[in-house]
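Down below is the structure, laid out as structure tokens.
Predicted model only: the values in this text are computed from it and were never measured. The sequence lines fix the lettering, A, B, ..., with proteins before strands; numbering per chain opens at 1.
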Amino acid sequence: MHYDFEKTEKKWQKYWADHKTFRAETNLDKEKFYVLDMFPYPSGSGLHVGHPLGYIASDIYARYKRHKGFNVLHPMGYDSFGLPAEQYAIQTGQHPKNTTEINIEGCLDDKGNILPKYVNDDGGIKTAALIDKSKPVTVEDADYRDHIIKGYRRQLDQLGFSFDWSREIRTSDPKYYKWTQWIFIQLFNAWYNTDSDRAEDIKDLISIFERDGNTSVNAACDEDTPDFSAGDWKTFASQKKQEILLKYRLTYLADAEVNWCPALGTVLANDEIVNGVSERGGHPVVRKKMTQWMMRITAYAQRLLDGLDTIDWPQPLKDAQRNWIGRSEGASVTFRVLGSGSMFIEVFTTRPDTIFGTSFMTLAPEHELVPKITTPGQKAEVEAYVAATTKRSERDRMADVKTITGAFTGAYAEHPFTQEPIPIWIGDYVLAGYGTGAVMSVPCGDQRDHDFARHFGIDIPNIFEGIDVSEEAFADKEKTIIANSDFLNGLSYRKSVKKAIAELEKIGHGEGKINYRLRDAVFSRQRYWGEPFPVYYVDGMPQMIEEAYLPLRLPEVDKYLPTETGEPPLGNATEWAWDTNRNEVVANKKITPSARPTDENVTLSTHLPDKNVTPSTSAALGTGSVEGSLESNGVYPLELNTMPGWAGSSQYFNRYMDPDNDDKIFSQEAINYWQDVDLYIGGSEHATGHLLYSRFWQKFMFDKGLVPVDEYARKLINQGMITGMSAFVFKINLVIHSVVADGVNYHTNHDSSFEENVFVSKGNMEKYLETHDLMFLGDKFSGYVQHELSTLRNQDYIYRADYDIDFLPIHVDISCVNSSNNLVIESFKSLRPEFKDAEFILENGKYIVGREVEKMSKSKYNVVNPDDICDEYGADSLRLYEMFLGPLEQSKPWNTAGITGVHSFLKKLWKLYHSGPDHKPSPESLKTLHKTIKKVEEDIENFSFNTTVSTFMICVNELTAQKCTSREILEPLVILVSPYAPHIAEELWEKLGHTESISTASFPKFEEKYLVESSKEYPISFNGKTRFTIELPLDMDKQQIEEAVLAHERTQQQLDGRTPKKIIVVPGKIVNIVG
RNA sequence: GCCUUGGUGGCGGAACUGGUAGACGCGCUGGAUUCAAAAUCCAGUGUCUUCGGACGUGUGGGUUCGAUUCCCACCCAAGGUACCA
């Protein structure tokens, strides 16, 4: 009976689905274990072999925990809002809802036939259902399956994962995003009390305002929040009160400097920008002021930092988050601007101990005081400089950090201690967005200040004892001893910082302060395919839709682009107004007349002084009628922005615990039982995005008393990338150039290049590069070169003619390359028609391609599809092989050839269970089994899945050699294997006579007694180098071992008459003879 | 520049708290089986060698009876981050 993996795998996948084997239920009698994967964005191009790596690992762990008796929650879903579906919609008009559904469900039925709803009347297949849109196909085409989207679900199912699909969630499903909107409302109705260090209800804040005003409130709020008394509060109009409350809410509207990406027509968060361009598409990003929803994540900066100490996450990931939050300890210091009366410049410094070394101050060019303090004489220069910096893009400024630029404002500040005047400069090395946008410049202690001072000829006073600072700033805190600094003289760094802060506080010029790099997160996106905000505007002020009327569903639109007036795509909707009487979405035309957006009232600007605010959300910011107004009919414009991609992923892990609950985000029973994620597996690219935002929301939910713990994932593992083995052909790139003499001058012409495609085999290319001999590049080509050169050289006006050759590597599809790196030229030509006339220069009759490890991607033609691997070797082989490839967290290259190793292991395993009747096990077999149990259990607990696979191989090799057919061995063994290769395990389990699934069979118990040995092969080493081994009984003591070893003939031979100086005996381990 | 992770055969990778470096698999070589191929099975496979052995875990030092493992300095690669005051 041979191993028919196809039949076996289909059979058990069906069994698991039919019997709902992996359905998780709250079960108070069993200990819970929650294993979570980062849910995927279902893209149309499907999975490649790299994608399932983490899912396989988590599945193994989940299955292992079931064998260990845990009640395991192992859910899966889709992060299904996102840009690709929207861009596809813009191109084709297909509704993102439909393409998303097809990407998940696929468009085939169980038998592989295309579903009728994806077939057009003419028999063609609707484009959304195609992988390759360039090839229209019909159902009659034999190979249509190659062009059809198979669907994420089907691709996942074929790998035999033990997901509880009854808990599936999709972020774009209104039943799910209802709760994303709900959390948004909770955040809106909350403020952060710094005294209690938690989020509290906004109603409580209003009570405080009514009682005491805001002067006694210690809260996370906007910088520009004015002070007011209880009396003031009572006199404020409703609108004014709402404006003030917005400055405290955990999600708030503000006109912020945002990263605007014109090409994508949307703003981007900091973590969506890489090297100054958009992460998606690489488009330029500019700074722009826009009114946007923001998340007050900065309120949680310290707790996000502290929480990292309590969770078992990878060090690099924790470091990335710490870095991103960027806490620095220091002091804020205020400097009075001389002759200005009461203007002050506030700076943040981490080195208050160096305050006596301040010889100038530098403001960011955008600093608000710049126009106010600049003297008439310096005005022209300063304005020119400010104008020049504004023109430079963020990217230019980043790229060019070496050039020192700046301008003197003509103004002076007063040193808080010495009262000396300090010149105030502006310079773009000071960033407006960090700290206060101003620094006290201490050139002796900071290299940037030093460079600036030297460049502009400013004094460099020295305040360090015994250090020369004329050439370079001195920043070594540990070696610092302060001098020339009045009361700080002679003190170390630590002491002088303390003392300086104390003195500053005494004179009211500063205080100890902690500064964070973390900024509040922009939460608005000018896109269609995202969660709508549950927000409408009355009188320009945002109002929340009542929870009972959620979800607010995405409206239908004609097109998915911004409107002609520059509004976000939702501006195209004609039914997008909120009727506050009927609590439903109604047509825009019903909006209260005065609430309609007009050109004059588009800004929310009563508290927003800046004139440059872009009305990107003009309808959203329209003036609604005042409450109780006579003309109000209660219909108001809805918000036109949608939420960013991370909104839906910030609480999904909790929703899985109770995914169908329509009354609550989740029941308290469910959250109290399942608590938190025990193991979370996913990519490290989410370090400063999803993994930070979700921790923030979890802490908020914790403050609200909705979740029992404030960190949601105890352990996190970043799976490494599986890279592809790209293959290249090398195209000859020829340039012939000649130097022309016209009697007076010489100039170089690039006369011609070779237009034909000639590809040189790798060996020939290397030989050419070594020898520069044209014969390695083929007769035709070298003939061409010779001919061109001699033609040129025969011309009188040519002074010199020569050529350059280099080789352009071009990716070839790895399916055209065999395991010996030979190119199958015919398949290459048929896949790439543009090269159908290309010529190939072979070596030994073959074309050898170049290989390089690269990220797997379609554009690199190096993608390996798991479907193909499953067809040829089966899911169990694929699962084992992905684990066998190397450590989970490491990145490693895929090499399909190697899979035969694990595949033949499975065949050997199968044979072991089909080779004879039950016998009593031999002691050797028991030993083999128990050392396997021990090792496998240790390895799984350490997530060392690659070594487990080797252990299985060793075990099966040994049992085969022992001709073991004993049930007492084979039954525990198949349980060990089951998490890794579940299909074959179920089949063999059934073969052993079981009628129930193996999935909850109890994990075998390791028993030491089978491993006890009576003797040991002692390695005998001389000066640490092992030379031979001697078998000795284990019960010998040191003395006996030493005697036995010294008496051995090979020892005498090795010593060659010398007397050993020393003999180290470690019983049970080693003997080392020195001398 | 800074932070993090890593560097072991032709390749992927093993090696527990310092104790026989190269497990396991791929590839390669030879053999068996076969009309032949595939599949399967057996043997070998770090380098050099005067066949005694010598040398070998990025480089150079150190600690130790003994170092891939611990310490110091440096080199290289990958990822993150950057005028962060």
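On the C1' atoms, B:G61 is 27 Å away from B:A78, given to the nearest whole Å. Rounded to the nearest Å, the gap between the P atom of B:A54 and that of B:C71 is 31 Å. Only the P atoms considered, B:A67 is 12 Å distant from B:G62, to the nearest whole Å. Separating the C1' atom of B:C2 from that of B:G56 is a span of 36 Å, rounded to the nearest Å. Rounded to the nearest Å, the gap between the P atom of B:G80 and that of B:C70 is 27 Å. Rounded to a whole angstrom, the distance from the P atom of B:C28 to that of B:G10 is 16 Å. Taking atom P in both B:C55 and B:U68, one finds a spacing of 13 Å when rounded to whole Å. To the nearest whole angstrom, the two C1' atoms, one in B:C16 and one in B:U34, are 47 Å apart.
Summarising the geometry, the separation between NE2 on A:His2 and P on B:A38 is reported as 19 Å, rounded to the nearest angstrom. As rounded to whole Å, 14 Å separates atom C1' of B:A85 from atom CZ of A:Phe452. Rounded to an integer number of Å, the gap from CG of A:Asp449 to C1' of B:C84 is 13 Å. Going from atom CD of A:Glu872 over to atom C1' of B:A38 covers 13 Å, rounded to whole Å. Following rounding to the nearest Å, A:Asp939 (CG) and B:A15 (C1') show an atom-to-atom distance of 12 Å. Taking atom CD of residue A:Glu346 and atom P of nucleotide B:A85, one finds them 16 Å apart after rounding to whole Å. A:Leu518 has its CG atom 15 Å from the C1' atom of B:U81, to the nearest Å. Atom NE2 of A:His367 and atom P of B:A85 are 17 Å apart (whole Å).
For A:Ser726 and A:Glu854, the side-chain atoms include at least one donor-acceptor pair closer than 3.5 Å. Counted by atom type alone, A:Asp939 and A:Thr947 present one or more donor-acceptor pairs between their side chains at under 3.5 Å. For the residue pair A:Asn942 / A:Glu938, no side-chain donor-acceptor distance below 3.5 Å is found, with atom types taken as modelled. Inspection of the A:Asn515 and A:Ser328 side chains reveals no N or O donor paired with an N or O acceptor under 3.5 Å.
Between A:Trp894 and A:Tyr881, the ring-plane angle classifies as perpendicular under the 30° and 60° cut-offs. The aromatic rings of A:Trp425 and A:Phe360 stand perpendicular to each other, their planes meeting at an angle above 60°, with 30° marking the opposite boundary.
By the side-chain hydrogen bond (donor to acceptor under 3.5 Å, both in side chains) test, A:Arg879 is found to be paired with A:Asp59, residues two or more places apart in sequence or in another chain being considered. Judged as a side-chain hydrogen bond (donor to acceptor under 3.5 Å, both in side chains), and not counting sequence neighbours, A:Ser485 has no contacts.
OP1 or OP2 of B:G6 has not a single side-chain nitrogen or oxygen of A:Gln890 nearer than 4.0 Å. Look at A:Arg448 and you'll find a side-chain N or O under 4.0 angstrom from OP1 or OP2 of B:C84. Of the side-chain N and O atoms in A:Arg517, one or more sit less than 4.0 angstrom from OP1 or OP2 of B:A82. An OP1 or OP2 oxygen of B:C65 is reached within less than 4.0 angstrom by a side-chain nitrogen or oxygen of A:Lys1062.
Of the candidate nucleotides B:A85, B:U4, B:G12, B:U4 has the atom lying nearest to any side-chain atom of A:Gln315. With B:C3, B:C65, B:C83 as the candidates, the nucleotide lying closest to the side chain of A:Leu431 is B:C83. Considering only side-chain atoms of A:Asn323, the nucleotide from B:G13, B:U81, B:A85 that sits closest is B:U81. Closest contact between the side chain of A:Leu885 and the listed nucleotides B:U4, B:A82, B:G12 involves B:G12.
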In 5'-to-3' order, the base (B), backbone-only (S) or no-contact (-) status of each nucleotide in nucleotides 18-33 of chain B, using a 4.0 angstrom heavy-atom cut-off, is -BBS-BBSS-------

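When heavy atoms are screened at a 4.0 angstrom cut-off, A:Glu938 is found touching no nucleic acid atom at all. Within 4.0 Å (heavy atoms only), A:Arg1027 reaches sugar-phosphate atoms of the nucleic acid but no base atom. Backbone-only engagement by A:Lys907 is indicated by non-hydrogen atom pairs under 4.0 Å involving sugar-phosphate atoms exclusively. Using a 4.0 Å heavy-atom distance criterion, A:Pro314 is classed as making no nucleic acid contact.
Applying the 90° criterion around 0 to the glycosidic angle, B:G30 comes out anti. Here B:G62 is in the anti range [glycosidic angle more than 90° from 0].
Sequence neighbours left out, not one pair with a member in residues 1065-1075 of chain A passes salt bridge (Lys or Arg N to Asp or Glu O under 4.0 Å).
Both A:Leu317 and A:Thr436 lie near RNA chain B, and the one whose nearest nucleotide falls closer to the 5' end is A:Leu317. For A:Thr350 and A:Ser684, each mapped to the nucleotide of RNA chain B holding its nearest heavy atom, the one lying further toward the 5' end belongs to A:Ser684.
For the side chain to side chain contact (heavy atoms under 4.5 Å, CB included) test with A:Met440, the passing option among A:Asp449, A:Thr362, A:Thr354, A:Asp446 is A:Thr354; the others fail.
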Acceptor/donor pairs from residues 901-909 of chain A side chains to any protein atom, 3.5 angstrom cut, sequence neighbours excluded:
residue, atom, partner, partner atom, Å
A:His903, ND1, A:Tyr873, O, 3.3
A:His903, ND1, A:Ser877, OG, 2.8
A:Ser904, OG, A:Thr900, O, 3.0
A:Ser904, OG, A:Gly901, O, 3.2
A:Lys908, NZ, A:Asn957, OD1, 3.3

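Distance CD1/A:Ile1063 to CG/A:Leu1046: 4.0 Å, rounded to 0.5 Å.
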Base-pairing string, 5' to 3', of RNA chain B - Watson-Crick or wobble, under 3.5 Å, | interstrand | (((((((..(((......[....)))((((((.......))))))(((....)))..(((((..]....))))))))))))....

